[in-house]
J.: 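One structure follows; several queries about it will come next.
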Amino acid sequence: MHAMLDAPEGLAWEETPTPEGPAAGEVRLRVAWAGVNRADLMQRAGHYPPPPGASPLLGLEVSGRVVEVGEDVTGLAPGQRVCALLAGGGYAEQVVVDARQVLPVPEGLDLRQAAALPEVFATAWLNLFMEGDLRPGERVLLHAGASGVGTAAIQLCRAFGHPCFVTLGSDAKLEACRALGAEAGWNRHRGSFVEAVKAWGGADLILDPVGASYLADNQRVLNGDGRLVVIGFMGGRQAELDFGRLLMKRQRLIGSTLRSRPPAEKGEILGALQRRVWPLLTRGEIAPLIDRSWPIRDAAAAHEHVRADANIGKVLLEVSGER
Ligand SMILES: NC(=O)c1ccc[n+]([C@@H]2O[C@H](COP(=O)([O-])OP(=O)(O)OC[C@H]3O[C@@H](n4cnc5c(N)ncnc54)[C@H](OP(=O)(O)O)[C@@H]3O)[C@@H](O)[C@H]2O)c1
């Protein structure tokens, strides 16, 4: 099969051994589309190695068709249209994955749309509702609101009745996020978000992929009993924590990653998505926001677009291109 190899001279779409399997509990997929994630750029830069046992190839999510199922796999059959959350290996013509990490394409969506779902909706669901334990009506601050994760999280907040405020890097992005359901927002290039978020009413939960550079301001706008869920450190990995605020406001600091979780935990998250979010997608109440796609051979150009913070929503790579 062909796969995208990360050679020192750049990304190259080359002949490479087909992955072994499927073993018991696994399925083999023919990849139609692969999603691009910020993590792929970090992996290329050497800051985010694949977890032990995972494919060394790039790619955390795909859509495609089941080719073969291993022993003990129920509910999935050859020919079925699916999408999958991977620990790696998605930038390839075929991938072998634990069946618990595979979901059917929501009815009414095509394979291109389905590739934009697994990583960002699983991340948003996990951190808003499982780690963040959102209670009815609680208010949410989403940093990087126009990112793939942000555009999924805005829509989940709207669908489940949580007012949300976004921070992002341009007024055009703010308009797009408002159209998805954000109540208000702040362009981060205009300085600190603190006054704007306080005027809006503060946050009970913050979903934060920025880390160090936002820690002090996050603590200032987090309401009593609020949760700060950190999912990235685009703004650095070390900062000072104000223990006074942490204690007096009973703030909770939660760190979370999806990729390194075992298949059983990923399966739990995807099971919740299938029950709670797939029906909303089928009814058209929410939809993945797709920015652009490139042929897989042009993955380097797709990465440059993401690196430049130019995307609003998901960037995809066309592998077989089947819809
Ligand atoms: N922990 C997990 O399990 C998990 C899972 C998935 C994703 N993530 C993290 O979630 C984030 C979003 O992922 P994605 O793939 O959806 O990203 P994405 O679509 O590439 O968007 C990232 C956006 O972050 C903003 N940004 C970049 N550098 C920043 C900085 N220094 N300070 C503030 N904002 C900055 C930029 O938007 P603006 O210019 O508009 O602000 C950029 O477009 C990434 O940090 C990723 O690593 C974590």
Side-chain angles (χ1 to χ4, degrees), residues 38 41-42 45 47 120 123-124 127-128 132 134 138-158 162-256 289 291 304-313:
R38 199 79 175 185
L41 278 60
M42 290 163 57
H47 301 313
V120 295
T123 299
N127 295 299
L128 293 174
L134 269 179
E138 282 191 324
R139 307 168 72 73
V140 178
L141 169 58
L142 299 170
H143 293 306
S147 65
V149 172
T151 53
I154 293 167
Q155 297 189 75
L156 293 181
C157 284
R158 193 200 61 208
H162 299 284
C164 84
F165 186 107
V166 287
T167 69
L168 27 61
S170 77
D171 294 347
K173 286 183 173 183
L174 178 53
E175 279 320 300
C177 290
R178 278 186 189 277
L180 288 178
E183 264 190 7
W186 181 255
N187 181 339
R188 67 185 170 99
H189 300 304
R190 299 216 166 94
S192 166
F193 54 83
V194 167
E195 291 315 316
V197 178
K198 278 187 174 169
W200 176 70
D204 303 306
L205 185 146
I206 303 175
L207 184 59
D208 178 39
V210 179
S213 62
Y214 280 4
L215 180 62
D217 284 353
N218 278 337
Q219 284 201 274
R220 290 189 180 96
V221 300
L222 194 58
N223 294 335
D225 292 311
R227 286 84 70 204
L228 170 56
V229 185
V230 181
I231 61 165
F233 45 88
M234 292 187 291
R237 54 186 294 166
Q238 292 191 354
E240 247 177 48
L241 185 68
D242 182 337
F243 284 97
R245 275 208 167 85
L246 190 82
L247 269 62
M248 297 312 290
K249 289 176 84 179
R250 299 180 306 278
Q251 297 177 336
R252 274 176 279 161
L253 177 57
I254 298 164
S256 171
L289 185 68
D291 178 85
E304 280 317 308
H305 183 69
V306 169
R307 195 190 319 279
D309 298 340
N311 57 301
I312 302 181

J.: Can you find a pair of side-chain heavy atoms, one from N218 and one from L141, that are under 4.5 Å apart?
T.: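 Heavy-atom side-chain distance check passes, below 4.5 Å.
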J.: Could you check if a side-chain atom of H143 sits within less than 4.5 angstrom of a side-chain atom of M234, using non-hydrogen atoms only?
T.: no
J.: Working to the nearest 0.5 angstrom, can you tell me the gap between D225 CG and R250 CZ?
T.: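 Here the interatomic distance stands at 4.0 Å.
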J.: Would you please classify the geometry between the Y214 ring and the F193 ring as parallel, tilted or perpendicular, with 30° and 60° separating the classes?
T.: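 Rings of F193 and Y214: perpendicular, as their planes differ by over 60°.
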J.: Are side-chain heavy atoms of R190 and D171 found at a separation under 4.5 Å?
T.: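 They are in side-chain contact.
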J.: Say you draw a straight line from OG1 of T167 to CZ of R188; how long is it, rounded to the nearest 0.5 Å?
T.: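 Going from the OG1 atom of T167 to the CZ atom of R188 covers 7.5 Å.
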J.: Run the numbers on H162 and L156 for side-chain contact (heavy atoms from CB on, under 4.5 Å), then give the verdict.
T.: CA-CA 8 Å; H162 299 284; L156 293 181; over 6 Å; no
J.: Applying salt bridge (Lys or Arg N to Asp or Glu O under 4.0 Å), name anything that partners R139, two or more places apart in sequence or on another chain.
T.: none
J.: Please report the closest heavy-atom contact between A310 and D291, naming both atoms and the distance.
T.: O-OD1, 4.2 Å
J.: Mind running side-chain contact (heavy atoms from CB on, under 4.5 Å) on V221 and I206 for me, showing each step along the way?
T.: CA-CA 9 Å; V221 300; I206 303 175; 4.0 Å; yes
J.: Could you check whether any side-chain N or O of Q219 sits under 3.5 Å from a backbone N or O of R245, counting only pairs where one atom can act as donor and the other as acceptor?
T.: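 Answer holds: no.
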J.: Without swapping roles, check the side chain of R220 against the backbone of E195 for a donor-acceptor pair under 3.5 Å.
T.: no
J.: If we only count heavy atoms from C-beta on, is the R237 to H47 side-chain gap below 4.5 Å?
T.: no
J.: To the nearest 0.5 Å, what is the distance between CG (L134) and CG (L207)?
T.: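 Taking CG in L134 and CG in L207, the distance rounds to 9.5 Å.
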J.: Is the closest side-chain heavy-atom distance between L174 and R178 below 4.5 Å?
T.: yes
J.: Salt bridge check: are D309 and K173 linked by an N-O gap of less than 4.0 Å?
T.: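 No.
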J.: I'd like to know if the side chain of R227 reaches the main chain of I254, judged simply by a donor and an acceptor atom lying under 3.5 Å from each other, with no hydrogens or angles considered.
T.: no
J.: What's the shortest heavy-atom distance between N127 and S256, and which atoms?
T.: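 It is OD1-OG, 2.6 Å.
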J.: Is the shortest side-chain heavy-atom distance between L228 and V230 below 4.5 Å?
T.: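 A side-chain contact exists here, since the closest heavy-atom pair is under 4.5 Å.
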J.: What closest approach, in Å, do L142 and G150 show between heavy atoms, and which atom pair accounts for it?
T.: CD1-O, 4.2 Å
J.: So do C177 and L168 actually touch side chain to side chain, heavy atoms under 4.5 Å?
T.: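 SC-SC contact between L168 and C177 confirmed.
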J.: Any chance you could measure Q155, atom CD, to L180, atom CG, to the nearest 0.5 Å?
T.: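 Result: 5.0 Å between the selected atoms.
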J.: Show which side-chain atoms of residues 196-203 pair as donor or acceptor with protein atoms under 3.5 Å away, not counting sequence neighbours.
T.:
from: W200; atom 1: NE1; to: E183; atom 2: OE1; distance (Å): 2.9

J.: Can you measure from CG (N223) to CG (L205) and round to the nearest 0.5 angstrom?
T.: 10.5 Å
J.: Nearest heavy-atom pair of T151 and G313: which atoms, and what distance?
T.: OG1-CA, 3.7 Å
J.: Could you tell me whether the side chain of K249 and the main chain of G226 form a donor-acceptor pair under 3.5 Å?
T.: no
J.: Answer whether the closest heavy-atom distance between the side chains of L215 and E240 falls below 4.5 Å.
T.: no
J.: For the backbone of G191 and the side chain of W186, can you confirm whether one donor and one acceptor N or O come within less than 3.5 Å of each other?
T.: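 Pair found, side chain donor or acceptor close to backbone of G191.
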